[in-house]
Amino acid sequence: MLALSIACTAAAVAWVYLVAAHGGFWRTSQRLPRVAAEPRAWPDVVAVVPARNEAAMLPVTLPTLLGQDYPGALTVLVVDDGSTDGTGDAAARIVGSARGHRALRVIPGVPPPAGERWAGKVWAMAQGLSAAGGSDYVLFTDADIAWETPDTLRRLVAAAEGDDRDLVSQMALLRTASGWERVVVPAFVYFFAQLYPFRQVNGPGSRTAAAAGGCMLVRREVLDKAGGLTPISGALIDDVALGRLIKSQRGRTWLGLSRQVVSVRPYPGLASLWEMVARSAYTQLRYSPAVLAGTLAGLLFLYALPPAGAIAGLAALLTGSGLTGSGLTGSGLTGSGAGPAALACGAGLAGWALMSMSFLPMLRLYRLSPLRAPGLPLIALLYGAMTADSARRHYAGRGAEWRGRTNLR
């Protein structure tokens with residue numbers, strides 16, 4: 001019990017640090033700022049939409065992008081990346097909805113040059129970038145992203161211009177319609193923010209770099225200076241890689257949360273959500289068994305230990321199990337074991353309370369009940385299993401698939 005009480009105390013101290021000093025990762029206050037004055041001349045924007053087998057998504061999402069109330073020129077390029085479901089035809093049928101200074105083009109994807117290894121999605125993005133011409137900004141967005149309000153792109157560009165940001169990215173609001181989506185999705189964003197605290201990403205002097213792949217507005221001049229997408233050609237987590245690339249050029253980046261950029265892709269069951277996480281989890285760990293072991297141990301220490309210690313300590317106090325001395329008396333527990341049991345219970349409850357409190361803002365963002373917060377340890381264990389399965393898939397030769405295809409080619 002003494003060892004458990006020490007471990008629970010260490011976990012509680014770790015949670016005090018995370019909540020107080022880890023970039024405010026748990027807060028949801030990083031939202032797209034409203035600038036005081038809009039640009040006098042609106043820059044040209046080319047939106048690149050990599051699309052593989054997205055015939056069902058594009059009729060829902062493309063009209064919302066084309067319907068943006070953006071004062072400048074907006075061109076949308078859909079890269080049909082070897083689809084087999086008629087994605088190109090679905091996009092072509094939407095061309096008629098492009099109006100005025102809007103243009104929509106469908107680019108048939110081709111294989112990368114012989115001898116070059118590209119991640120599938122990054123190669124599709126690169127083809128769109130090559131066709132983008134001399135635009136001022138490139139907006140990389142996914143086929144499942146819907147733009148809920150017509151002024152979203154306008155605000156993105158105004159923020160980039162007004163605050164001199166070279167990359168402005170918004171984390172899309174993911175779907176939480178099914179029961180498993182409500183369990184897994186808010187924690188997915190929470191863990192991402194814990195790994196890459198948005199406030200640190202947005203600090204010019206910070207080395208923390210990341211972006212959210214569903215919405216990445218990039219200044220073309222800085223991207224060209226960095227060599228385009230070639231330096232991250234093999235990146236299986238393209239958004240984080242792009243954030244690092246822009247920061248490596250001393251570019252200014254911004255990443256925040258949004259309720260206006262929304263993913264409409266359904267994940268109706270646990271299997272589809274498991275696939276979403278396991279596809280790239282081991283990639284995030286750089287395929288390192290040591291980092292994998294450390295990550296799983298860290299999840300157990302931070303998330304499983306506090307509730308386990310609280311329950312074990314409370315059980316020991318109530319039953320006298322494992323205590324020395326006279327045990328239960330009329331005045332309560334006595335003996336040298338009562339102190340460690342009480343410490344394990346108290347420190348475990350403190351750590352559990354801190355982690356639950358830190359999860360509340362994300363639950364509010366997704367408009368879910370705060371009563372879900374104490375269940376975060378169980379969700380963390382689920383993510384640990386997904387991460388371990390990601391490593392298993394990698395060594396079985398089934399890792400890094402995107403839309404039914406092995407990613408590197």
Do Y303 and W15 have ring centroids that are under 6.0 Å from one another?
-> yes
Practice task
Would you please indicate if the ring centroids of Y196 and F192 are separated by under 6.0 Å?
Solution key: yes
query: Taking the six-membered ring for Trp, is the centroid-to-centroid distance between Y282 and Y287 below 6.0 Å?
result: yes
Side-chain contact test, heavy atoms from C-beta onward, threshold under 4.5 Å: evaluate it for V264 versus R175 and give yes or no. no
Please list, one pair per line, the donor and acceptor atoms closer than 3.5 Å that link side chains of residues 57-66 to other protein atoms, with sequence neighbours excluded.
from, atom 1, to, atom 2, distance (Å)
T61, OG1, M57, O, 3.2
T61, OG1, A143, O, 2.7
T64, OG1, T61, O, 2.6
T64, OG1, W147, N, 3.0

**OP:** Using the ring-ring contact (aromatic ring centres under 6.0 Å, His included) rule, take Y267 and W180 through it: C-alpha gap first, then chi angles, then the decisive distance, then the call.
**Re:** CA-CA 8 Å; Y267 294 97; W180 278 112; over 10 Å; no
Discussion item. With heavy-atom distances below 4.5 Å as the criterion, would you say the side chains of L217 and V157 are in contact?
Written reply: yes
With the threshold set at 4.0 Å, does a side-chain nitrogen-carboxylate oxygen contact exist between K121 and D142? yes
**Asked** Between R40 and E161, is the closest basic N to carboxylate O distance under 4.0 Å?
**Response** no
Within 6.0 angstrom of Q249 CD, more than 12 heavy atoms from elsewhere
yes
F359 meets the ring-ring contact (aromatic ring centres under 6.0 Å, His included) criterion, sequence neighbours left out, with Y190
Is any side-chain N of the basic residue among D89 and R93 closer than 4.0 Å to the acidic one's carboxylate O?
no
### Query
Any ion pair linking D389 and R279 (charged N to carboxylate O, less than 4.0 Å)?
no
Check your understanding: Is it true that a side-chain atom of Q68 and a backbone atom of L153 form a donor plus acceptor pair closer than 3.5 Å?
Key -> yes
Do the charged groups of E181 and R265 touch, with an N to O distance under 4.0 Å? no
Note to self: Contact between M125 and M216 at the side-chain level, heavy atoms closer than 4.5 Å - yes or no?
What the structure shows: yes
pair F188-M276: side-chain heavy atoms closer than 4.5 Å = yes
Please determine if D69 and R154 form a salt bridge, counting it only when a charged side-chain N lies under 4.0 Å from a carboxylate O.
yes
*Side chain proximity check, Q260 to D151, heavy atoms < 4.5 angstrom*: no
